[in-house]
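Counting starts at 1 for both ligands and their atoms, in listed order. This chain uses plain numbering: 1 for the first residue, then up along the sequence. Any value given below was found using the heavy atoms of this structure, including those in side chains, with hydrogens, waters and symmetry copies removed.
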Amino acid sequence: MGASLFWTLSLNRETSLILTDGCMADETMKGSILNILRAEAKGAVSGDRLSAELRISEDTLHKHISELRELGYPIAETAEGYLLADSPDALFPWEFPGRESRIHYFPEATSTMDIAKALAGEGCPAFTVVIAGCQRGGRGRLERRWHSSEGGLYFTMVTRPQMPPALSFRINFSASVALVRTFQRMFDIKAMVKWPNDILVDDKKLAGMLSEMKTEDDRVSYVNIGIGINLNNDPTPYEANATSLKQLLGREVSRREILSEFLDEFEARMNEGNFDNVISEWKTCTLTLGRQVRVATVHDVSEGFATDVDENGALVLTLEDGSAKKVVYGDCFHQM
Ligand code: BTN
C-alpha cells in the first residue's frame with residue numbers, strides 16, 4: 001500500500017469491527033480538511049482552495065471527502081464547494097490534533113482494557129489511548145460489569161511512569177484529581193471524588209476508574225487507567241445511584257471536547273512527574289473524609305468514621321471501639 005491511505009474493515013482480536021487507517025499523514029490530512037471546513041462554518045470552501053491549501057490533488061481530496069462522509073461527517077457539495085453541515089461528536093484520531101498516532105478508536109469493543117493491555121504488551125508509547133463508542137464487556141472494579149451504552153465515554157490510557165510499583169496508586173489519584181478539575185472547569189459543577197477514585201456529583205456516580213499494572217524487575221512497565229463516564233447516556237436502572245452529565249446539565253455534551261481537555265490536564269500532571277502532593281490535592285476534592293462510611297470487599301466489610309487517607313492511598317477509619325483501621329481497597333459507601 002505504500003504511503004497511500006487504506007481503510008480496511010477488519011476483525012480485531014476480539015472480533016469487534018475496527019477501522020484501520022494505514023497512513024498517519026492521511027489521518028492528519030482528514031483533520032486538516034475538517035479544520036478548514038469548520039473555520040468556514042457558514043460558507044462553502046471550493047475544492048480548488050482545499051487542494052491548494054493542503055497541497056493535494058483533486059482526486060486525493062475527493063477520496064478523503066468520501067471517506068469522511070462514510071464515517072458520518074455530513075459534507076455537502078454545493079455550487080460554491082464543500083460545506084460541513086454539522087460537526088458530529090466523533091472520536092477518530094484526527095479529532096485529537098497532536099495525538100493522532102496514539103489514539104485508537106473502536107466504534108464498538110469488548111473492553112478497552114483488553115485492547116490497551118495488548119497494545120501495552122506490544123510496547124506502545126506512553127499516553128496511547130484506546131477509546132470505544134460502546135463496550136459489550138465493559139469491566140468495573142471488584143469484578144463488576146460496567147454498562148457501556150452509546151453516548152458515554154469509555155477509554156483506557158496507557159501510562160509508563162518511572163516509579164516503583166508500590167507508588168503506582170499515585171497515578172490513579174492523579175487521574176481522579178485531573179478528572180474532577182476538568183469537570184469543574186468545563187461545566188462549573190461540583191464534581192468530587194469518593195475514595196478511592198469514583199467521581200460523584202450530588203452523591204451520585206458520574207464516572208468510575210479501573211487500573212491494571214504490569215511490573216518488570218521491580219519497575220512499572222505500564223499502568224493502564226480505564227475511565228467510564230456517563231455523559232449523553234442514561235445510566236441503567238441497575239445503577240440506581242448513578243447520574244450522567246446530560247441529566248445534570250439538561251443538554252448533550254461533546255465527548256471529544258471532554259476527553260481532549262482531560263488528556264491535556266492529565267498528561268501535564270504526568271509530565272510534571274512530581275506526585276508528592278497528589279494525596280493532599282486529592283483530599284481537597286473528596287467527599288469521603290469526615291463522614292461515616294462502609295467499605296466492602298469480596299471478603300469483608302469495615303464500618304467506621306473516615307478520618308484520613310495516608311501517604312499510600314489507604315483510607316484510615318476510626319472504628320466504633322475507637323481503634324484505627326487502614327483499608328487499602330474496596331467499595332466505599334457513604335453513610336448518610
Ligand atoms: C468502576 O467504577 O467500577 C470502574 C469502571 C471503569 C469503566 C471503564 S470504561 C473504560 C474501561 N474499559 C472497561 O472495561 N472498564 C473501564
Requested in this report: Would you mind checking which non-hydrogen protein atom is closest to atom 3 (O) of ligand 1, with the distance to 0.1 Å?
Outcome: Arg141 N, 2.6 Å

**Report entry** Close approach, Gly138 and ligand 1, non-hydrogen under 4.0 angstrom
**Finding:** yes

Query raised in the report: For ligand 1, is any non-hydrogen atom under 4.0 Å from Ile227's backbone (N, CA, C, O), its side chain (CB onward), both, or neither?
Result: backbone

Report task. Assess whether atom CZ of Arg38 is packed by more than 12 heavy atoms of other residues, nucleotides or ligands within 6.0 Å. Result -> yes

Query - Ser111: numbered ligand 1 atoms lying under 4.0 Å from its heavy atoms - result: 12 (N), 13 (C), 14 (O)

Query raised in the report: Is it true that atom CG of Asp300 has more than 12 heavy atoms of other residues, nucleotides or ligands lying nearer than 6.0 Å?
Result: yes

Report task. Report the nearest protein non-hydrogen atom to atom 5 (C) of ligand 1: residue, atom name, distance rounded to 0.1 Å. Result -> Trp146 CE3, 3.3 Å

**Report entry** N or O pair under 3.5 Å between Tyr154 and ligand 1
**Finding:** no

Report task. Taking only Lys NZ, Arg NE, NH1 and NH2, and the carboxylate oxygens of Asp or Glu, determine whether Arg102 and Glu267 approach each other closer than 4.0 Å. Result -> yes

Query raised in the report: So, are Lys117 and Glu212 salt-bridged, with charged N and O less than 4.0 Å apart?
Result: no

**Report entry** Atoms of ligand 1 close to Asp198 [distance to a heavy atom under 4.0 angstrom, numbered from 1]
**Finding:** 2 (O)

Query - Numbered atoms of ligand 1 (with element) below 4.0 Å of Thr156, judged on heavy atoms - result: 11 (C)

Query raised in the report: Where is the nearest protein heavy atom to atom 11 (C) of ligand 1: which residue, which atom, and how far?
Result: Thr112 OG1, 3.2 Å

Query raised in the report: Of all residues at least two apart in sequence or in a different chain, which pass the side chain to side chain donor-acceptor pair (under 3.5 Å) check with Lys204?
Result: none

**Report entry** Ring-face cation contact, Phe275 with Arg170, 6.0 Å cut, 45° max
**Finding:** no

Query raised in the report: Counting heavy atoms only, which of Arg136, Arg144, Arg139, Met157 comes nearest to atom 15 (N) of ligand 1?
Result: Arg139

Query raised in the report: Which protein non-hydrogen atom lies closest to atom 2 (O) of ligand 1, naming both residue and atom, and how far is it?
Result: Lys205 NZ, 2.6 Å

Query raised in the report: Under 4.0 Å between a Lys/Arg side-chain N and an Asp/Glu carboxylate O for Asp203 and Lys194?
Result: no

Query raised in the report: Just checking, any donor-acceptor pair under 3.5 angstrom between side chains of Ser46 and Asp48?
Result: no

